[in-house]
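One structure is given here, and the rest of the page talks about it.
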Amino acid sequence: MLLTRSTKLRVRLSLLALLLLSGAARAQEQDAVPEAPSDAAATPALPARAAALDGMETPSDAAVASDLPARVAALEAVAGIVLRKPAAQDAGLVADVEAGLAALPPAMRRPPGGKLEFVLHPEAAPLGLGDGSKQHPDWSETREQFHLYRYAPTEERRAALRLSRLTDEETEHLWRRRAVVHAVMQRWDDAQGWSRRPQWRRLDGWVLPFERPLTWKESASITYAGAFSRARGQVNASLDLVTFAEELFVPAESLRADALPVDDQVRCQELSKARALAEFLAEARLGVLPARGDCPAFDTWADADALSHLEVLMVAATGRQPQSLFGHLLLRPVWREGAVVQGPGFERVVQLVALTGLESKGLGYLMKGMTGGYSTVFLTGTLGDVSHESLELEQRTIRRFRLSLTPGESRRMLERIWELERRGYLGYYFFTDNCAAALLFVLNGALEDGRRVKAPGTLWVLPTATLDTLAKTQVVDANGHAASLLEHIPDAFESTGERARRALAEQERLLARLAALLPSSALAPLRDVHRQLQSPEPGMRRQGHERLTHAVTTALDAARPRSRGETRDALHAYVAHAVRVERAAVDQAEGETLAIERERLVSLDLRGESAAKDGAADRQRLFEREDVLQRKLAVLDRTALLQQALESAVKRPPTPDELKALVRAEQTEAAFAAATDAQGTLNDGPLAEVDPRAFLASDHQRKTEAEAAWARGAQRDSGAARTVVSGGVDFPDVGSARPVVSLRTAAMGEALGDERLHGFQSSSELRVLDGELSVEPRWGVPRILGSSLTLVGYRTLLPELPQQRRSLSDALGWGAEARMSTDSDRALPYQALVRAEALGVVAASEHFDTFLAVGLGAQATMTWSQWRTAPAVGPRLSLAHRTGLPGPGGSALRLEAAYAPAWRAGTVSGFTDEADATLQVEWFLGRVAQWSVLLTPRAQVHWEGPLASWAGLRRSSASLPEGLARRRLALGVEIR
């Protein structure tokens, strides 16, 4: 560029002023912390064109300010920004470059990496920026040149969402200034590696190629375009950071103060990203960003100063419904009670769920859940909504665990919840990307000091295993002591079904107590009523509740004066528990009614392919504008949505079975109404002197004390990812004894009676990919003796409540199993087996840690070798017994025995028999640091062959019939 002598002089003077002002500004930036700005100045403010860059124009020298070549030369000299024709001749572009630089902290205005040239192309492109294509590149290969294009509007919804109030001219200036911030921030990110740091990558869940299975390129876990400042930010973590910096440093309100309501401004929407970027700049000593200022909607919602703690809630399995076995996790922020008392039903709970719309739960529903057909979302609902769905309709108790977070981490959790509810759409896959993975996603984005909780698995992320991982993560508490990140709270939210079971036990205890206080004749009417209340027929129970008032009054009138108060309290408690039992029945009936009404729908299609997608799109549009959202009540409870749809839908007539169930539901509701009427009459009359609050407090205390005692004796860890190494001896019929070493692993292995703090109900058993390999150690290659693999196995001993039984099966437990095995000693070494059985409980303790059960079922097997096969089918008898042993950790003595005669077809046909028995002791030794040690000595006998030719036990020995027999003694050690 050829300059006149006077122009050169002005440039030199301008450069001298620039250097002095820039140095002063940089020193001030490093030494002083700015005060918190007001709402209008909460983000770095952009000056007008007359003061575009500190030092870039001298207010007292208008001639220098109006001299375009001088300003271009000053940009190159001070900031390293190069503008050549035609960019150097575009006064508006030069002003926007100056304004874009002025939006950045002074120490950042000269990017690393040498000169940075802005190249202006004559062709148009959306936003005037490149898109990374060959036609419109944004950078040269060496990042020496950043390409600009003639501005054109964009059809990208997210990029234009917050700019609707700007004029076309203002919008063009905004994107020119953002282009400058983009280029400079990209250079800084290349040099500092901010986008490669975990605290940035965790916010949108960026994963590198091969970091997860089937991940071939860098991608974000969040799939929603609205979570990024514009589409270019979805390409990789670096562009995510750079495009966010565009919006943060050059927000819409920098062009027009009223461009956005304060709650919609980026500083009030992207709290975590703004915090992370501010930390990066402060750490690199590049400047201190202004505080975010007030955000009325978030600040009111968060109420951070009153936050007490955050809890993880686990919706436990019922024990009767295998589809609920894996549990479900939620988050619950808990605030200290303020001046305005809030009912517990209005407390907030964050649900981490798949957004399925109103699609019914069938095979298609399951397949879409396994293949990514839904999105995981973060829903802030109320505890009342969760209670209605989980505690009442599904009758699943919710266990509580407290997160031991620092005050800073707790505040960040609130920020993450706020953001993710609006933009946190993750791909949902039942086994890997589920509620447990979503919990870790939100938590890892809030932890400080580089801490991270790893997923408990790669191919399977279980909610129960996630609780194990959180509990094993050590933190430092407020007193400086080591503590677990997850602590159990012995005060679960009790389902109505669980409460009814406890109420039935309390009723029996109260009747025994009343028998010691009253004559038998006075108690007889109440005993008759009690028998009626156990009936599965709601009409019979309604009659019992109608007689309850007379029976209670008769009993109270017969009480002796000195024991009248005790008798009155016992009768009051009995009536309250009777109502609780009836409440569980009416809740179950409501759940059945909803399921029937869903199936009867005709005109409302809830199974459409687009149902879930449409629901997600509607929800995204609702959360785009905070001012609209705050005025609109979002109905997020899925049960409420279904009930609203059923009110206006056209339905087909019910089938005979459905009609019978609907009539039964009406009768159950009538029985519940009779129960509450009787309770009201008695509480207003003979039982009026009883303080109901004292009863509730006493009942709650007994419940929490029992739960705390159970937790002290239970194992903490779930049955996920178990490994047991055993050593022992085999005693075959032929040959001498031989040593055996076994390795047993299980993706999930929880046996009947196992009491686990993070596990399932102790009345249920679940085994998934539970396999054992047995070898004979010897010189050279060990000999494989056999193996077994249970693909899936489930058993439950928990019957329905007497009032909720519809058939004989409701009074029984049941089980099913699919298994494969090999045995080198067997003529046909390979076997596949499926079985199903009904289980009857002979005796059991309250928590099923001690029980005796017998089973009757059927099994089918396919046994084969390389040359022949032999299918077989027949009945199966089984016995299962467990006795809980003293001490912590669920120590027990366990006996399992089974006998299965079968008809075998194929090349070897005829009757064959199979029997086995296992006696095992499970002894929990305790914990060493974070490891728990469990010893499992075991004696096992297995036999198969023809039983018809057996003459019975000989007097001299307890020999087995002819056939394959194996006896094994082993000692197993499990360390977790």
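One is the number of the first residue; the rest follow in order along the sequence. Predicted, not measured: the structure shown is a model, and the values here were computed from it.
Between Leu281 and Met108 there is a side-chain heavy-atom pair separated by less than 4.5 Å. Within the 4.5 Å cutoff, no side-chain heavy atoms of Glu218 are placed close to those of Val235. By the 4.5 Å heavy-atom criterion applied to side chains, His182 and Leu239 are counted as neighbours. You'll find the side chain of Phe298 reaches within 4.5 Å of the side chain of Arg292, heavy atoms only. Counting heavy atoms from C-beta on, the side chains of Ile222 and Trp206 never come closer than 4.5 Å. Using a 4.5 Å heavy-atom cutoff, the side chains of Tyr151 and His173 are not in contact. Counting heavy atoms from C-beta outward, Leu414 and Leu307 have side chains that approach closer than 4.5 Å. Glu419 is listed as a side-chain neighbour of Ser272, based on a closest heavy-atom distance under 4.5 Å.
The existence of a salt bridge linking Asp303 and Arg348 is excluded, since no basic side-chain nitrogen approaches an acidic carboxylate oxygen closer than 4.0 Å. Using a 4.0 Å cut-off between a side-chain N of Lys or Arg and a carboxylate O of Asp or Glu, Arg84 and Glu117 qualify as a salt bridge.
Judged purely by atom type and a 3.5 angstrom limit, Glu170 uses its side chain to pair as donor or acceptor with the backbone of Thr167. Distance alone, capped at 3.5 Å, places no donor-acceptor pair between the Arg177 side chain and the Ala95 backbone. Thr223 places a side-chain N or O within donor-acceptor distance of the main-chain N or O of Tyr425, the cut-off being under 3.5 Å. Side-chain N or O atoms of Arg109 include one that pairs as donor or acceptor with a backbone N or O of Leu101 at under 3.5 Å. Between the side chain of Arg71 and the main chain of Val94, no donor-acceptor pair closer than 3.5 Å is present. A side-chain donor-acceptor contact under 3.5 Å links Asp189 to the backbone of Ser195.
Partner of Leu260 under the side-chain contact (heavy atoms from CB on, under 4.5 Å) criterion, out of Gln269, Arg165, Glu253: Glu253 alone. Of the residues Glu247, Arg162, Glu270, the one that meets the side chain to side chain donor-acceptor pair (under 3.5 Å) test with Ser229 is Glu247.
With sequence neighbours left out, the side-chain contact (heavy atoms from CB on, under 4.5 Å) criterion links Pro198 to Arg202. Residues forming a salt bridge (charged side-chain N to carboxylate O under 4.0 Å, His left out) with Arg150 (at least two apart in sequence, or on another chain): none. In this structure, Glu156 has no side-chain hydrogen bond (donor to acceptor under 3.5 Å, both in side chains) partners at least two apart in sequence or on a different chain. The side-chain contact (heavy atoms from CB on, under 4.5 Å) test applied to Thr300 returns no partner, not counting sequence neighbours.
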With side-chain contact (heavy atoms from CB on, under 4.5 Å) as the criterion, how do Phe118 and Leu116 come out once you've worked through the C-alpha distance, each side chain's angles and the decisive distance to 0.1 Å? CA-CA 7 Å; Phe118 287 93; Leu116 172 59; 4.2 Å; yes

Yes or no on side-chain contact (heavy atoms from CB on, under 4.5 Å) for Leu148 and Arg176, after CA distance, side-chain angles and deciding distance? CA-CA 8 Å; Leu148 301 174; Arg176 282 284 186 250; 4.1 Å; yes

Please assess Phe378 against Val353 for the test side-chain contact (heavy atoms from CB on, under 4.5 Å), listing each intermediate value before the final yes or no. CA-CA 7 Å; Phe378 299 77; Val353 295; over 6 Å; no

Start with the C-alpha gap between Phe441 and Leu420, add the side-chain angles, then the distance that decides, and say whether side-chain contact (heavy atoms from CB on, under 4.5 Å) holds. CA-CA 10 Å; Phe441 180 80; Leu420 291 174; 3.8 Å; yes

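Note that CD of Gln351 and CG of Asp385 are 7.5 Å apart. Values are rounded to the nearest 0.5 Å. The line from CG of Leu310 to CG of Leu403 is 6.5 Å long, rounded to the nearest 0.5 Å. Atom CG in Asp449 sits 10.5 Å away from atom CD in Gln199 (nearest 0.5 Å). Rounded to the nearest 0.5 Å, atoms CG (Leu129) and OG1 (Thr243) are 11.0 Å apart. Rounded to the nearest 0.5 angstrom, Leu289 CG and Leu248 CG are separated by 6.5 Å. Going from atom CG of Leu443 over to atom CG of Leu331 covers 8.0 Å, rounded to the nearest 0.5 Å.
In terms of heavy-atom proximity, Ala438 sits nearest to Thr376 at CB-CG2, 3.9 Å. In terms of heavy-atom proximity, Tyr149 sits nearest to Ala125 at CB-CB, 3.7 Å. Closest approach of Val377 to Leu379, counting heavy atoms only: CG2-CD2, 3.7 Å. What you find for Leu426 and Ser221 is that their closest heavy atoms are CD2-O, 3.6 Å. Ala88 and Leu68 make their closest contact through O-CD2, 3.4 Å (heavy atoms, listed as atom of the first residue, atom of the second, distance). Smallest separation of non-hydrogen atoms from Leu174 and Ala252: CD1-CA, 3.7 Å.
Aromatic rings of Trp200 and Trp194 (six-membered ring for Trp) have centroids beyond the 6.0 Å cut-off, not under it.
Looking only at atom types and distance, the side chain of His147 has a donor-acceptor partner in the side chain of His121 under 3.5 Å away. Thr171 and Asp168 share no donor-acceptor pair across their side chains, judged by distance under 3.5 Å alone. A donor-acceptor contact closer than 3.5 angstrom links the side chains of Asp131 and Ser133. A donor atom on one side chain and an acceptor atom on the other are not found under 3.5 Å apart for Glu347 and Thr382. Between the side chains of Gln145 and Ser140, no donor N or O sits under 3.5 Å from an acceptor N or O.
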For residues 405-412, dump all side-chain donor-acceptor pairs below 3.5 Å to protein atoms at least two apart in sequence or in another chain.
| from | atom 1 | to | atom 2 | distance (Å) |
| --- | --- | --- | --- | --- |
| Thr406 | OG1 | Glu409 | N | 3.1 |
| Thr406 | OG1 | Glu409 | OE1 | 3.4 |
| Thr406 | OG1 | Glu448 | OE1 | 3.2 |
| Glu409 | OE1 | Thr406 | N | 3.0 |
| Glu409 | OE1 | Arg451 | NH2 | 2.9 |
| Glu409 | OE2 | Glu448 | N | 3.0 |
| Glu409 | OE2 | Arg451 | NH2 | 2.3 |
| Ser410 | OG | Thr406 | O | 3.2 |
| Arg411 | NH2 | Asp305 | OD1 | 2.8 |
| Arg412 | NH2 | Glu279 | OE2 | 2.7 |

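Aromatic ring pairs are classed by plane angle as parallel below 30°, tilted from 30° to 60° and perpendicular above 60°; the pair Trp301 and Trp418 is tilted.
In the displayed structure, Glu123 atom CD is contacted under 6.0 Å by more than 12 heavy atoms of other residues, nucleotides or ligands.
Sequence neighbours left out, the pairs with a member in residues 227-242 that pass salt bridge (charged side-chain N to carboxylate O under 4.0 Å, His left out) are Asp138-Arg232, Arg230-Glu246, Asp240-Lys273.
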